[in-house]
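First up is the structure itself, then whatever we jot down about it.
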Amino acid sequence: MATSPVTEASQQLWDETLGRLLNLSSATIQRNADLENRLAELEVELAVWKQAHATAIEGADREAKALKGRLASLNSQVASMETFMSQSLLVLCVIDGDACIFNDLLLRQGHEGGRQAAQQLTRAVADYLTSEDVHVLGRLSFWVTIYFNKAILASVLERHKLCSPEQLDAFIMGFSQSSPRFVLVDVGYGKDATFTKITEYLQTYLRFPQTQRIFFAGGQENTYAPTIAALQNDGLLGKVAFLEACRASPNYAQKHRLPILTVDTLFINQRLSPPLRTPPPLNMNGLSPTLTSGGLPTPHSPHSMSASATGRLVDPTLPLHKHSPPPCNEFYLMSCTKGGACKYSHDYILTPDQLATLAANAKKAPCNFLKNGLQCPYGERCCWGHVCPNGPKCFHLSKGKCWFKGESMHDVSPHLSP
């Protein structure tokens, strides 16, 4: 059967159309596949950018926190500096009174000589600091502490006809009364008592950041050579200046190249024969009284501290009596005879202001000698109260409950300790 031309033409058209559709479908499928591949690539790229963005955000957060921490640290340092500037910085002078004896011309003048000696020393230190061009932030507080054995010193001075014991007493009073920060301490009898106290003084106060300079007078002998060597090993000698007596310096001052301050006419320009260390003529129940002239205690540090120790600091937010255990009044203000059996602490490092607070608080408690009707062997040097702070009009006295029970402990006579 013959096929009509129309039918053949239609078939041919259909075939061509179908071919085109198949080609178009294949191209579409390929294009879709390419798009899907590109989409997958873009999704991977987007994930990478998201991860990078998250990492960048995390790094920025860490950097922001670090900057905040540094800012807080800087603010804390500024606050500390402001606090430091508001405090009095310390310029200290410690003198071995057994080795460095004041000029006899001053000693013979008694009270007035003591005041002149204090003025000469203060002026010399001020001139030295000015010439050294010392720049400090805040106020300077100048303290002088002299350790000596009064009985032996009086004997030596009298034997060499430099002054009488009465003139020495008046000189000591004049020196101590020239400033509330000038303190003379009778160390009493004991082997190397003055050396031990000055060594502990240096080892303690040179570590205080408030300490700007310590002027040290230890005489011509090389007694303090081990102390100076230990301080050198600890890197603390940068704050020390040697106060020269007798126009001669010991070997250790030259060896360590300590700066030297010479005060003309302040000390005698000769060496006196060293006195013998004899036992005290009186010792009541093992007590060895310590004299503190001028009404203020001397800076005291623990006897057991080594050259590299820093001691135990008090908590400035707590009153001294709230510490556990509290500092021992007798150890810091006189001398404690209980030793290791004492229930109070001997290990604190107290600043001069804290020592003054300790002394003021101790006066609020009665002296046991007077309280029990006995004579106090320390007299006005006793750290405990000899008179009730409330005086004759004490409310507790009228109720029979006042701690100050001694017969004269409500007497306000001037010869008694306040």
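- Side chain of Thr204 to main chain of Tyr201: no donor-acceptor pair is present (N/O by atom type, distance under 3.5 Å, no hydrogens or angles).
- Of the N and O atoms on the side chains of Asp96 and Thr194, not one donor lies less than 3.5 Å from an acceptor on the other residue.
- Applying the side-chain contact (heavy atoms from CB on, under 4.5 Å) criterion to Pro366, with sequence neighbours excluded, gives Lys371, Trp403, Phe404, Met409.
- Heavy-atom minimum distance, His386 versus Leu370: CG-CD1, 3.3 Å.
- Under a 3.5 Å cut-off, the side chain of Lys239 and the backbone N or O of Ile214 do not form any donor-acceptor pair.
- Arg62 is linked by a salt bridge (charged side-chain N to carboxylate O under 4.0 Å, His left out) to Glu58, counting only residues two or more places apart in sequence or in another chain.
- A donor-acceptor pair under 3.5 Å is formed between the side chain of Arg213 and the backbone N or O of Gly238.
- Residues passing the salt bridge (charged side-chain N to carboxylate O under 4.0 Å, His left out) test with Arg38 are Glu41, sequence neighbours excluded.
- In this structure, the ring of Phe102 has its center less than 6.0 angstrom from the ring center of Phe267.
- Taking both residues in full, the closest heavy atoms of Ala193 and Val187 are given as CB-CG2, 3.8 Å, listed atom of the first, atom of the second, then distance.
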Donor-acceptor pairs under 3.5 Å, side chain of residues 109-122 to any protein atom, not counting sequence neighbours: which ones?
{"unit_1": "Gln109", "atom_1": "OE1", "unit_2": "Gln116", "atom_2": "NE2", "d": "3.1"}
{"unit_1": "Gln109", "atom_1": "NE2", "unit_2": "Leu105", "atom_2": "O", "d": "3.1"}
{"unit_1": "His111", "atom_1": "NE2", "unit_2": "Gln177", "atom_2": "OE1", "d": "3.0"}
{"unit_1": "Gln120", "atom_1": "OE1", "unit_2": "Thr265", "atom_2": "OG1", "d": "3.3"}
{"unit_1": "Thr122", "atom_1": "OG1", "unit_2": "Ala118", "atom_2": "O", "d": "2.8"}

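- Judged as a ring pair (Phe, Tyr, Trp, His ring centres under 6.0 Å), and not counting sequence neighbours, the contacts of Phe215 are Tyr128.
- Evaluation of the salt bridge (charged side-chain N to carboxylate O under 4.0 Å, His left out) rule for Arg108 yields Asp104 as partners, not counting sequence neighbours.
- A perpendicular orientation is assigned to the rings of Tyr224 and Phe216, their planes being inclined by more than 60° (bins at 30° and 60°).
- Side-chain atoms of Thr145 and Trp143 form no donor-acceptor pair, as typed in the model, at a separation below 3.5 Å.
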Dump the intermediate steps for side-chain hydrogen bond (donor to acceptor under 3.5 Å, both in side chains) on Thr317 and Asp315, then the final yes or no.
-> CA-CA 5 Å; Thr317 64; Asp315 183 351; 2.7 Å; yes

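- Checked against the 6.0 Å centroid threshold, Phe182 and Phe142 count as a close aromatic pair.
- Listed by chain and residue number, nothing satisfies the side chain to side chain donor-acceptor pair (under 3.5 Å) test with Asn37 (two or more places apart in sequence, or in another chain).
- Put simply, CG on Leu313 and CG on Asp347 are 11.5 Å apart, with the number rounded to the nearest 0.5 Å.
- For Tyr348 and Tyr332, the gap between ring centers reaches or exceeds 6.0 Å.
- The backbone N or O of Val156 lies less than 3.5 Å from a partner atom in the side chain of His160, making a donor-acceptor pair.
- Annotation: side-chain contact (heavy atoms from CB on, under 4.5 Å) contacts of Glu158 (sequence neighbours excluded): Pro165.
- Annotation: ring pair (Phe, Tyr, Trp, His ring centres under 6.0 Å) contacts of His321 (sequence neighbours excluded): none.
- Looking at residues two or more places apart in sequence or on another chain, you find no side chain to side chain donor-acceptor pair (under 3.5 Å) involving Asp61.
- The side-chain contact (heavy atoms from CB on, under 4.5 Å) search around Gln51 returns Thr55, not counting sequence neighbours.
- Residues satisfying the side-chain contact (heavy atoms from CB on, under 4.5 Å) criterion with Asp169, sequence neighbours excluded, are Lys150.
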